[in-house]
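First up is the structure itself, then whatever we jot down about it.
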2 protein chains.
Amino acid sequence: MTTQTAIDNFVNRCRTLGLSVTPQRLAIFKALIDDHSHPRPEDIYKKIKAEHPTISLATIYKTLETFEKHGIVSVVTHLHNTVRYDPITEPHHHVVCVKCNKIIDVIDPSLNTIKVPEHILQGNELLGYSIHFNVICSECRLKETN
Amino acid sequence: MTTQTAIDNFVNRCRTLGLSVTPQRLAIFKALIDDHSHPRPEDIYKKIKAEHPTISLATIYKTLETFEKHGIVSVVTHLHNTVRYDPITEPHHHVVCVKCNKIIDVIDPSLNTIKVPEHILQGNELLGYSIHFNVICSECRLKETN
DNA sequence: TTATTAATTAATAATTGTTATCCAATAATA
DNA sequence: TATTATTGGATAACAATTATTAATTAATAA
C-alpha cells in the first residue's frame, strides 16, 4: 500500500467514524504511517513541530489515543504505564486486560516451543520470548454494558 | 515450592551473588513471592509500610532493579517506560531490545496460529496476542564488550 | 449565510512514575 | 576494632502523562 492510499484510507476511515480530519490529525497520521521505529508521542511531536509550530504535545497524546481507540493505530503493549514485577523467572506468558491492566500468568509448556524466525537470531542475543494475550476481562466486560 | 523454601533459595542466591540479605530486601522478596497480581513498586511499598514504616519508595525501586538484574524476579515487559505507537494494526509481533528498547516488527504468519489455551477464553474477550522476542540487539552487544 | 452547538486544539497546571543525589547507617573485610 | 564498601532513607529532580480550561474551528440548523 502506498503512502497516498494509506492517507486516503485514513480520511475515509475518519469520515465513517465521524471524526473530523483536522490538519493536526492528518499530520500525526502522516508522521506515523511510514515510521517503523514505533515512536513515542514525544518523537512524533518533534517530527511535526517544524510544520506545525503551534501544536501541543497534549494534542499528540489525545489524538493517538483516539486513533488507537478506533483501530487506526496500535500500541506495542498496553502495559506501558508502569513496571510490573513477577516472582516467576521461568519462561511463561500473560493474559493482559487492556482495560484494567490486570495480568494473569499463563504457564503452558506448549507455548514455549514456538519456532523463532531465523532473522531474529541474526546478531541479536535472544533472551526469551513472552506472549501477551490481550483481552477484555470478564469484570471489565460487565462494566462496559452499563 | 513452599514459601519457606523460596525464601531459603533467595537467601542462598543472594549469598552466592554477594548481595547482603537485609531486612528490606527480605521484606520486598516476601511481599512478592506469593503475590500473583504482578504488583507495581508502589503496591509493594504499601504492602510493606506497616512492618517497615521507614522504608523508602526509592529503596523498593532500587531493590527490585537489583533483583531483576540478578534474575531473582522478572518484569512483565521491558517496554513499561513509555507508550510506543505502531501504524500496523494487523496482528504481528515484535523484537524488543531490553537494553535500548528498540522495537522491530516481526511479520510472520506462522506465528499467528498458536493454540490459545482454553482457560484464557473463559469469560474474557480475546482481542489478540502479541509475542515479544526479548533480545540484546547487535548494537547493544557491541557496546557491552567495552 | 449566519447563528448555534459540538468538537477539537492549545496552553498550561497538576499528577504520577521513576531516577539521581547525597548523606547516614549498616555490613563486610582487613 | 578500624576501614571500606554496600545499602538505605530523604528528598529533589526529572520524565511521562493527564486534566483543566479557554480559545478556535468545524458541523449543523435556521
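Per chain, numbering begins at 1; letters A, B, ... match sequence-line order.
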| message | Is the ring pair His93(A)/Tyr129(A) parallel, tilted or perpendicular, if the boundaries are 30 and 60 degrees? | response | parallel
| Value in whole Å for how far the P atom of dA11(C) lies from CG of Leu57(A) | 12 Å
| said: Side-chain N or O of Thr54(A) versus OP1/OP2 of dA11(C): is the shortest distance under 4.0 Å? | reply: no
| query | What integer distance in Å separates Glu65(A):CD from dA19(D):P? | reply | 8 Å
| query | Between Tyr61(B) and dT18(C), is there a side-chain N or O to OP1/OP2 distance below 4.0 Å? | reply | yes
| query | Atom CG of Leu19(B) and atom C1' of dT6(D): how far apart are they, to the nearest Å? | reply | 10 Å
| said: For a quick test of reading the model: is some side-chain N or O of Gln24(A) closer than 4.0 Å to OP1 or OP2 of dT25(D)? | reply: no
| request: Indicate whether OP1 or OP2 belonging to dG8(D) is found under 4.0 Å from a side-chain N or O atom of Arg25(B). | output: yes
| message | Is the shortest side-chain heavy-atom distance between Leu32(B) and Phe10(B) below 4.5 Å? | response | no
| message | Assuming nearest nucleotide by heavy-atom distance, tell me which of Pro41(B) and Pro23(B) is located more 5' along DNA chain C. | response | Pro41(B)
| query | Side-chain heavy atoms under 4.5 angstrom apart, residues restricted to Ile, Leu, Val, Met, Phe, Trp, Tyr: same cluster for Val106(B) and Ile103(B)? | reply | no
| query | Are any side-chain N or O atoms of Thr89(B) and backbone N or O atoms of Ile72(A), one a donor and one an acceptor, separated by less than 3.5 Å? | reply | no
| request: Please tell me which of Ala58(A) and Val83(A) maps to the more 5' nucleotide of DNA chain C, matching each residue to the nucleotide holding its nearest heavy atom. | output: Ala58(A)
| Thr59(B) near the nucleic acid: base, sugar-phosphate alone, or nothing, with a heavy-atom cut-off under 4.0 Å? | base
| query | Among side-chain atoms of His80(B) and Asn81(A), is any donor-acceptor pair under 3.5 angstrom? | reply | no
| query | So which nucleotide from dT17(D), dG8(D), dT8(C) ends up closest to the side chain of Ser20(A)? | reply | dT8(C)
| field | Residue Thr22(A), side-chain heavy atoms: nucleotide from dG8(D), dT9(C), dT17(D) that is nearest | value | dT9(C)
| field | Nucleotide forming a Watson-Crick or wobble pair with dA30(D), both distances under 3.5 Å | value | dT1(C)
| message | As a test of reading the structure: which of dT17(D), dA10(C), dG8(D) is closest to the side chain of His80(A), going by heavy atoms? | response | dT17(D)
| query | Atom CG of Leu26(B) and atom P of dT26(C): how far apart are they, to the nearest Å? | reply | 17 Å
| message | In this structure, how many angstroms lie between the C1' atom of dA26(D) and the CZ atom of Arg15(A), rounded? | response | 13 Å
| said: Please determine whether a side-chain nitrogen or oxygen atom of Ser56(A) lies at a distance below 4.0 Å from atom OP1 or OP2 of dT9(C). | reply: no
| message | Which nucleotide wins on minimum distance to the side chain of Arg40(A), given the candidates dT8(C), dA16(D), dT12(C)? | response | dA16(D)
| task | Select one nucleotide: of dT17(D), dT12(C), dG9(D), the one nearest the side-chain heavy atoms of Lys62(B). | result | dG9(D)
| remark: Ile55(B) CD1 to dT26(C) C1', in whole Å, measures 14 Å
| query | Nearest nucleotide by nearest heavy atom, which residue falls closer to the 5' end of DNA chain D, Gly18(B) or Glu42(A)? | reply | Gly18(B)
| request: Round to a whole Å and report the spacing from CZ of Arg84(A) to C1' of dG17(C). | output: 14 Å
| field | Stepwise side-chain contact (heavy atoms from CB on, under 4.5 Å) check, Ser138(A) with Asn124(B) | value | CA-CA 5 Å; Ser138(A) 32; Asn124(B) 301 318; 4.1 Å; yes
| said: Rounded to whole Å, please give me the gap between CG in Leu17(A) and P in dT8(C). | reply: 11 Å
